[in-house]
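Notes follow the structure.
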2 protein chains.
Amino acid sequence: MTELPPEITLLWGVRETPRRGRKPSLTAADITRAAIAVADAEGLAAVSMARVAAELGNATMALYRHVKSKDELLALMTDGALDPPPVLPGGDWRIGLTTWSEAIMASFQKHPWYAQVTISGPPIGPNNLAWFDRGLSALEDTPLEEGEKVGIVMGLITYLHGELRLSFELAEGYRENPEAFSRVYAAALRRFVDPREMPALAKVVDAGVFDYDTLYDEQDLGADFNFGLNLYLDGIAAYLDRRSST
Amino acid sequence: MTELPPEITLLWGVRETPRRGRKPSLTAADITRAAIAVADAEGLAAVSMARVAAELGNATMALYRHVKSKDELLALMTDGALDPPPVLPGGDWRIGLTTWSEAIMASFQKHPWYAQVTISGPPIGPNNLAWFDRGLSALEDTPLEEGEKVGIVMGLITYLHGELRLSFELAEGYRENPEAFSRVYAAALRRFVDPREMPALAKVVDAGVFDYDTLYDEQDLGADFNFGLNLYLDGIAAYLDRRSST
DNA sequence: CACGATAGCGTAGGTGATACGCATAAAAGC
DNA sequence: GCTTTTATGCGTATCACCTACGCTATCGTG
């Protein structure tokens, strides 16, 4: 059997035989939990090894016995912060994927910093895999090949993660300067978009799409999310149609 | 007229009246260019203020006369690194958006670090807006409302950016350990995916979707990209159908 | 030619990651 | 119970970076 690298086994909490030696007063899971708490409360920037250690009442360097580097800690956080996936209503794949998407966005939104961490590599942690599985399960009754299911779910994750990032950034900008935010953006566009050079964009700007509170509005963000999601789901439906008719 | 914040005007290179005083030997554009060169050659991590300054033969702190912070420099880079958008073949929106998507991915791929920088906020730089405009122009002959066009193009950008990030990460992992990369992933999945807990994922793993070089393969990445893109485009087509038939 | 505004940049402070090695605690073996 | 073994806790020290501040050099203007 192939030897698995420690950064992967760590995610699953496999501990070979810690028989001898001093009893650890800390586990990687503890550290991850504390780091997530700090990030939730004060943002990702506040997560330093020293800060996390202080949270646990330990010295900074103690953490390095359990975590190879800060990057590894971040990787642990991206798995640890996810809720377990919901049970999907069986039957219609579309309803299933919609439920799934809404649930994953809800899970993301509990941890605003999630959009900022760089995911490195394919899903491998327990929670990530559980979500992956649940997404695939929504497509169970379709005639798709396994590889196609993977492509669809991966694509959806990609899209949702991007959407999260975008909404997070807008929320950020809005929080920093609520009143000016959309005004400034609209003003900047009006100032720089030359109808001769960017006619399509100019038309949009003129139509007032970016005006005032149109840009940032909780309601609208939800609507945008649904719009894009449905586009993607429509695409899946079309693909299924095309596939079964040939 | 609303006063625009300097970080925005800087992107457009508006300089009010730098009449008096010493002549600048450096411009924000120079700095951006140098930073991009460093990132291209040695990765984003190599971009430090000191390194960029050295590249220009200046002292570190000289940069701060032209750029408020490193974050601002990164923002400038994300605009400066983009090629100008291509001229799209008129007529069919689908061909237009496909051309556009492929071109933007090609532009991204010249700068692998692009996937790593955190975009902060809606597109506002000249190149970003040019791309935005060009994307919108592909939808010009459709009966969509302006807001819908924006939603569609934004969604597409979101998806493409995510796709870029994913492929970058895979390429990264592959580069670090070409032989082991997919083997380790497949092995890890086989080890941890319990068919009782994650039946759908187990089925996929058993089907060999993640085996050996299936996971990372230039050919496959391109195919995945096209698959996802077409899903999204199918979704747009379906939306157009639904819309015109009611 | 003196003045004032602006660019260049040296110094220094602060933050943060992390290598290294020793002290310490706990199990294993006698 | 005492020694040996082994892993943990963590103090010290280093290194890399960002950036505030203020001085000096330079150039247009009157």
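Below, chains carry the letters A, B, ... as their sequence lines are ordered, and counting in each starts from 1.
Taking atom NZ on A/K68 and atom P on C/dA19, their separation rounds to 11 Å, with Å as the unit. Rounded to whole Å, the distance from CG on B/L26 to C1' on C/dT6 is 14 Å. Counting to the nearest Å, the P atom of C/dC20 and the CZ atom of A/R65 are 12 Å from each other. What separates CG of A/L73 from P of C/dT18 is a distance of 10 Å, to the nearest Å.
Checked against side chain to side chain donor-acceptor pair (under 3.5 Å), B/E7 has no partners two or more places apart in sequence or in another chain. For A/W100, the side chain to side chain donor-acceptor pair (under 3.5 Å) test picks out no residue, with sequence neighbours left out.
Checked for salt-bridge contact, A/K110 and A/D83 meet the test: a charged N lies under 4.0 Å from a carboxylate O.
In this structure, B/S69 does not reach the D/dT19 phosphate: none of its side-chain N or O atoms is under 4.0 Å from OP1 or OP2. Contact check, A/H66 against D/dA7: no side-chain N or O comes under 4.0 Å of OP1 or OP2. Distances shorter than 4.0 Å separate none of the side-chain N or O atoms of A/K23 from OP1 or OP2 on C/dA25.
Classified by interplanar angle (parallel below 30°, tilted 30° to 60°, perpendicular above 60°), the ring pair A/F210/A/Y185 is perpendicular.
Nearest to the side chain of B/Y64, among D/dT26, D/dT19, D/dG9, sits D/dT19. Relative to the side chain of B/K70, the nucleotides C/dT18, D/dC18, D/dA25 differ in distance, and D/dC18 lies closest.
Residues B/F108 and B/Y114 place their aromatic rings such that the two centres sit under 6.0 Å apart.
In summary, of the residues considered (B/M49, B/H66, B/E55), a side chain to side chain contact (heavy atoms under 4.5 Å, CB included) with B/I31 occurs for B/H66 alone.
Contacts of residues 39-61 of chain A with DNA chain D (heavy atom under 4.0 Å): A/N58, A/A59, A/M61.
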